Amino acid sequence: PGSARPAPVSIVLINDQLASNTSRVNNPHSAMDLAAACQQLADLDHRLEYGTDYSVDLQATRNQAQRGGGRLGPLITNVNPAVFQRPTFRLFLSLLDNYQRITGTAESIGANELREQSDFLDACMATPCMQFAHKWLAGRGAIGADPGQFKAALTQMWFSLYRREVQNDSSGFEHVFLGESDNGEVKGLHSWIQFHLEERKGNLLYKGYLQPHGRGGARAEAIPQDRVLSVHFEWLRESKAVSSIVLGSTPEFEVALYSLCFLGGQEENFVSIAEYDLKIRAYRIRSKYGDKIGSVFPELMSKGEGGGYAPMPHHRPQHNQQQPTQPHHPGPRPQQQHAPPGIYAAAAGGGGGGQQQWQQQPQYGDQNQNPNHGQQHNGQNQNQNQDAVSQGCSIFTALLDLFCSGNKNNTRK
């Protein structure tokens, strides 16, 4: 008598904590580090089969193409039309006309676009890749076990709009998968699907590949069957010196892979997919409603001779390490943002284990970047006429042909 009854909210918080701890104990994925999780993710992907579902023509390295002076043909020469009838591929295509390519123009996202986003995430979450990603992140305490909470986090990080030049002119999904034009430079565009579609429309000119490093420092040979490739290209007369793409992967695999690194990793995440050693960079924009993706992209560090991966010693950054005042990030320019200082930070939360220490090689990834403007122009724009490429691809289904024919607004990518 006379004692105060505990507040219900305290009981809820305690029970939530107990549930979280129990989930970690009972979740076998919680002991798996990030590198192993990414490899497991790759093993789960129902990726395309080379020669049956798609084909590639490497033609020449970037240096060979520059010395030769001629124009190369398409990199991705054929994709089986049946691929684009898969649910995640079909719903991925529905998102491509929802965005303005040029930064500085605010996006207009209405009820139809929101429904397309939701349907795409629902389709992804029904796949083994995304289900594994959710279980691993929940086991590490980076996200709750409720699927609705996971979807809300994915929506916030991938699709919430933010400012690059003007308010609401960009999003993580647009930047990473579709690409953007910012002051005459190509930003993002790491999706092989978007790469192929823009090649097919004559908007993107392949300018050669970069010969990969082998493990140990020697050069390795690139082959058409490679799963990861670093390439140089021009998109609507704007150049991107180096960009790494994961060929033949599914949309759900790429969303799951980058979400793992963003939510459960750090700013730099060293992982392997089969024989390819990657550094996946993850940059975030802080928000009180949940952090948003500034960019996430792979850099091909080296290529081995066989499959599998070799775990490296665990490494974490020191928690007392001071963040730079202008961190290396591809988000909005610091001088144009109006949020408090320090809004940009490395993706360093969520228990990201498995940090590996590869021998440093020239980084083949999103190399158009610098701290002040997102991506660095490397001075290799070619003053060549860029009339449309003659395409030799097989005819897609009627729906895809309608999409690529230009019946939709050509200014929306």
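Just so it is clear, the model here is predicted, and its values are computed rather than measured.
When atom types are taken as modelled, the side chain of D169 and the backbone of T103 share no donor-acceptor pair closer than 3.5 angstrom. The backbone N or O of L263 sits nowhere less than 3.5 Å from a side-chain atom of R284 that would complete a donor-acceptor pair. Side chain of E252 to main chain of T250: no donor-acceptor pair is present (N/O by atom type, distance under 3.5 Å, no hydrogens or angles). A donor-acceptor pair under 3.5 Å links the side-chain atoms of Q156 to the main chain of G290, judged by distance alone. A donor-acceptor distance shorter than 3.5 angstrom exists from the side chain of D33 to the backbone of A36, with no hydrogens or angles considered. A donor-acceptor distance shorter than 3.5 angstrom exists from the side chain of R62 to the backbone of A241, with no hydrogens or angles considered. A donor-acceptor contact shorter than 3.5 Å is absent between the side chain of Y206 and the backbone of E199. For the pair E299 (side chain) and R281 (backbone), a donor-acceptor distance under 3.5 Å is absent.
Residues M301 and H213 fail the side-chain proximity criterion, which asks for heavy atoms closer than 4.5 Å. Counting heavy atoms from C-beta outward, I273 and L257 have side chains that approach closer than 4.5 Å. Looking only at side-chain heavy atoms (C-beta outward), E165 and N183 come within less than 4.5 Å of each other. In this structure the side chain of F150 reaches within 4.5 angstrom of the side chain of L137, judged on heavy atoms. Within the 4.5 Å cutoff, no side-chain heavy atoms of Y209 are placed close to those of L75. Contact annotation: the side chain of F195 never approaches that of S243 to less than 4.5 Å [non-hydrogen atoms, C-beta and beyond]. Under the 4.5 Å side-chain criterion, counting only non-hydrogen atoms from C-beta, V176 is not in contact with E254. A heavy-atom distance below 4.5 Å is not found between the side chains of E198 and F233.
Minimum heavy-atom separation, G144 to A138: O-CB, 4.1 Å. Here the closest non-hydrogen pair linking S171 and S160 is CB-O, 3.7 Å. H190 and V296 make their closest contact through CD2-O, 4.3 Å (heavy atoms, listed as atom of the first residue, atom of the second, distance). For the residue pair H232 and L210, the shortest heavy atom distance occurs at N-CD1, 4.4 Å. Across every non-hydrogen atom of F92 and S191, the tightest pair is CZ-OG, 3.7 Å.
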> Going through the checks in order, is the side-chain hydrogen bond (donor to acceptor under 3.5 Å, both in side chains) test met by S170 and E180?
Replying inline: CA-CA 9 Å; S170 186; E180 299 174 294; 2.7 Å; yes

>> Set out, in order, the CA-CA distance, both residues' side-chain angles and the distance that settles ring-ring contact (aromatic ring centres under 6.0 Å, His included) for F262 and W158, then state yes or no.
In response: CA-CA 11 Å; F262 184 78; W158 283 109; 7.8 Å; no

> Should R101 and E238 be marked as a salt bridge (charged side-chain N to carboxylate O under 4.0 Å, His left out) after you check the CA-CA gap, both sets of side-chain angles, and the distance that decides it?
Replying inline: CA-CA 12 Å; R101 184 179 67 88; E238 297 174 354; 3.6 Å; yes

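Remark: the Q211 side chain and the T61 side chain contain no N/O donor-acceptor pair separated by less than 3.5 Å. When only modelled atom types and interatomic distance are considered, E116 and S94 share no side-chain donor-acceptor pair under 3.5 Å. For the residue pair H175 and R164, a side-chain donor N or O sits within less than 3.5 Å of a side-chain acceptor on the partner.
In this structure, the ring-ring contact (aromatic ring centres under 6.0 Å, His included) partners of F159, at least two apart in sequence or on a different chain, are F173.
W192 pairs with exactly one of V231, V79, L229, V246 by the side chain to side chain contact (heavy atoms under 4.5 Å, CB included) rule, that one being V79.
Between K303 and D226 there is a salt bridge, since at least one side-chain N of the basic residue sits less than 4.0 Å from a carboxylate O of the acidic one.
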Which atom pairs, donor and acceptor, lie under 3.5 Å between side-chain atoms of residues 118-125 and protein residues at least two apart or in another chain?
unit_1 : atom_1 : unit_2 : atom_2 : d
S118   : OG     : K151   : NZ     : 2.7
D122   : OD1    : K151   : NZ     : 2.7
D122   : OD2    : K151   : NZ     : 3.2

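Crowding of Q167 atom CD: a count of heavy atoms from other residues, nucleotides or ligands under 6.0 Å not exceeding 12.
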